[in-house]
Amino acid sequence: TLRRVSAHILARRRADVSGRIGLRPAPGGVGSPAFGDPIEVVRIDGPHLVLERGASSTVAGLTTLADLADVVGVDLAGTVELGGDPPPMGDPAAPLDVDPAAARAIGAWFGFVASVLDDVLARAGAAASVVQLWPEHFDLACDVAVGPDEGARVNLGGSPGDGDDPEPYLYVGPWGDARPDGGGYWNAPFGAVLPHARLRDAGDPMAAHGIAVDFMARGLDLLRRG
């Protein structure tokens, strides 16, 4: 449900104004970066949609997509380019089912992924794309150079779960086919995955953060050394 709201309300509104769809982690869920004139932010906070526009703010319950479209001012019948694998809109008048605690947990997970990526990129010292929460995939990611060629890059990110894995995970996904020997590091068809269970087993947030940073940094190091 959060993926549908993110794609068809948040990203659509940002695209209408700025032509961009990328989102960010936000307190209690996900949201847009500031955009437009007057400055605007639209975000999910638990079971609510929050629209901050200029000096005013509006808070609405996550009732239906049609209601939320009216709040932010988007046309759900209009065209928006969401990239590959966008979530189906479904019936805009159907009630949305959002558990407040689950929404905030997903927001906290994306915040954790963002902090990990910040540390990894600071260590890497390499050209990286902007960290974005892509609404069509509903993951937070960037790509980083691991060699001089344009195609020598790797995706780093985190997902709250998907059709293949229902639990959150971090990932390292090389653009090319190279998988330098890492003693079992490459454990997924697209690269490497660190499951949420491994982070839970760490026992505390700081230890989990360190494990996550080391996981991504190792992938970068393997790819750079070839």
Side-chain angles (χ1 to χ4, degrees), residues 1-15 20-35 39-53 57-65 67-69 71-72 82 85-87 95-121 130-142 155-163 165-171 193-200 202 204-209 211-213 215-216:
T1 301
L2 293 183
R3 184 180 170 208
R4 288 173 62 214
V5 175
S6 295
H8 297 294
I9 301 297
L10 276 60
R12 184 182 291 268
R13 175 58 188 167
R14 188 186 180 201
R20 299 177 180 272
I21 63 169
L23 303 175
R24 306 289 187 271
V30 301
S32 71
F35 65 91
I39 295 296
E40 181 175 329
V41 172
V42 57
R43 58 187 174 88
I44 298 168
D45 184 354
H48 299 103
L49 180 85
V50 180
L51 172 64
E52 300 165 337
R53 185 176 289 160
S57 63
T58 302
V59 179
L62 296 179
T63 51
T64 70
L65 287 180
D67 289 344
L68 301 181
V71 171
V72 303
L82 290 174
D85 196 29
L96 299 172
D97 183 16
V98 176
D99 178 86
R104 294 188 174 104
I106 289 175
W109 166 251
F110 281 135
F112 173 79
V113 176
S115 70
V116 170
L117 290 173
D118 280 348
D119 276 3
V120 172
L121 297 179
V130 174
V131 175
Q132 306 249 34
L133 200 162
W134 296 107
E136 69 273 32
H137 301 302
F138 209 51
D139 65 350
L140 185 72
C142 66
N155 294 328
L156 305 178
S159 168
D162 54 35
D165 191 338
E167 287 211 342
Y169 61 89
L170 300 174
Y171 63 83
V193 165
L194 182 69
H196 192 254
R198 178 69 182 87
L199 300 172
R200 290 199 305 270
D204 68 77
M206 291 303 296
H209 182 93
I211 290 170
V213 170
F215 163 73
M216 290 191 176

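Side chains are part of it too, since the values below use all heavy atoms of this structure and drop only hydrogens, waters and symmetry mates. Just so you know, residue 1 is the first one in the sequence shown, and it goes up from there.
In this structure the side chain of L96 reaches within 4.5 angstrom of the side chain of L68, judged on heavy atoms. Looking only at side-chain heavy atoms (C-beta outward), W109 and L140 stay at 4.5 Å or farther from each other. In this structure the side chain of S32 never reaches within 4.5 angstrom of the side chain of R43, judged on heavy atoms. Residues D139 and L133 are not in side-chain contact: their nearest non-hydrogen atoms beyond the backbone lie 4.5 Å or more apart. In this structure, the side chains of F112 and L199 come closer than 4.5 Å at one or more pairs of heavy atoms. With contacts defined as side-chain heavy-atom distances shorter than 4.5 Å, the pair L49/T58 does not qualify. Counting only heavy atoms from C-beta outward, the side chains of Q132 and R24 approach each other to under 4.5 Å. The shortest side-chain heavy-atom distance between M216 and L170 falls under the 4.5 Å cut-off.
For the residue pair A11 and P135, the shortest heavy atom distance occurs at CB-CG, 3.6 Å. Residues V30 and L10 share a closest heavy-atom pair of O-CD2, 3.7 Å. The two residues G28 and D45 come nearest to each other via the heavy atoms CA-OD1, 3.6 Å. Residues G31 and L23 share a closest heavy-atom pair of O-CB, 3.3 Å. Summarising the geometry of V41 relative to A34, their closest heavy-atom pair is CG2-CA, 3.7 Å, with the distance given to 0.1 Å. When all heavy atoms of P87 and A7 are compared, the closest pair comes out as CG-CB, 3.7 Å.
Between R200 and E167 there is a salt bridge, since a side-chain N of the basic residue sits under 4.0 Å from a carboxylate O of the acidic one. A salt bridge is defined here as a Lys NZ or Arg NE, NH1 or NH2 lying under 4.0 Å from an Asp or Glu carboxylate O, and R3 with E136 fails to meet this definition. A salt bridge does not link R14 to E40: none of the charged side-chain nitrogens sits closer than 4.0 Å to a carboxylate oxygen.
Remark: side-chain polar atoms of H137 are not paired, donor with acceptor, to backbone N or O of P86 under 3.5 angstrom. Judged purely by atom type and a 3.5 angstrom limit, R198 has no side-chain atom pairing as donor or acceptor with the backbone of Y169.
Distance check: C142 SG to L121 CG gives 4.5 Å after rounding to the nearest 0.5 Å. Atom CG of L51 and atom CZ of R13 lie 7.5 Å apart (nearest 0.5 Å). Note that CD1 of I211 and CE of M206 are 12.0 Å apart. Values are rounded to the nearest 0.5 Å. Rounding to the nearest 0.5 Å gives a distance of 12.0 Å between CD1 of I44 and CZ of R104. Here the CG atom belonging to D85 is positioned 14.5 Å from the CH2 atom belonging to W134, to the nearest 0.5 angstrom.
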For this session: Kindly determine whether F138 and S6 satisfy side-chain contact (heavy atoms from CB on, under 4.5 Å), including the steps that lead there.
Result: CA-CA 8 Å; F138 209 51; S6 295; 3.4 Å; yes
Problem set entry | Residues D165, H196; criterion side chain to side chain donor-acceptor pair (under 3.5 Å); working and verdict | CA-CA 10 Å; D165 191 338; H196 192 254; over 6 Å; no
For this session: Output, in order, the C-alpha distance, side-chain angles, deciding distance and verdict of side-chain contact (heavy atoms from CB on, under 4.5 Å) for V120 and L156.
Result: CA-CA 9 Å; V120 172; L156 305 178; 3.9 Å; yes
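Residues Y171 and F215 keep their aromatic ring centres 6.0 Å or farther apart.
Annotation: side-chain hydrogen bond (donor to acceptor under 3.5 Å, both in side chains) contacts of T63 (sequence neighbours excluded): D67.
Within a 6.0 Å radius of CG in D204, more than 12 heavy atoms belonging to other residues, nucleotides or ligands are found.
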